[in-house]
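All values reported here derive from a predicted model rather than from experimental measurement. Read the numbers this way: they start at 1 and go in the same order the structure lists the ligands and their atoms.
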Amino acid sequence: MHDGALPPRRDFPFPEASRHHMREWPLVWHPERGHYTRTCPHGVGHPDPDDVVHLQSVGGVSGVHPCDGCCLAPLRD
Ligand SMILES: [Zn+2]
């Protein structure tokens with residue numbers, strides 16, 4: 001791979017989202033980081049829980065992200 005080349009987009013690891021509280025949020029691919037996030041109602045991207053599980057299974061993932069707390073506290077109506 002050449003320097004600066006972005007990793008190819010991979011398919012989302014799970015055809016259906018698990019029953020996490022972010023499943024209704026828009027899924028966004030980040031080529032520079034090689035992972036998926038979900039955008040919360042405040043416009044903040046949070047690592048997708050299913051994608052984190054996938055990344056952990058293939059070795060190594062950082063859950064660090066700019067976060068307003070939505071990925072920690074499930075939203076309730
Ligand atoms: Zn939020």
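Within the structure, salt bridge (Lys or Arg N to Asp or Glu O under 4.0 Å) pairs that include any residue of residues 20-30 do not occur (at least two apart or interchain).
Residues passing the side-chain hydrogen bond (donor to acceptor under 3.5 Å, both in side chains) test with Thr39: none are found, sequence neighbours excluded. Applying the salt bridge (charged side-chain N to carboxylate O under 4.0 Å, His left out) criterion to Arg10, with sequence neighbours excluded, gives Asp51.
By the criterion of a separation under 2.8 Å, the protein N/O/S atoms near the Zn ion (ligand 1) amount to Cys40 SG, His42 ND1, Asp68 OD1, Asp68 OD2, Cys70 SG.
Distance alone, capped at 3.5 Å, is enough to place a donor-acceptor pair between the Arg38 side chain and the Trp25 backbone.
A donor and an acceptor atom, one from each side chain of Asp48 and His54, are nowhere located under 3.5 Å apart.
Pairing each heavy atom of Pro47 with each of Met22, the nearest pair is O-CE, 3.6 Å.
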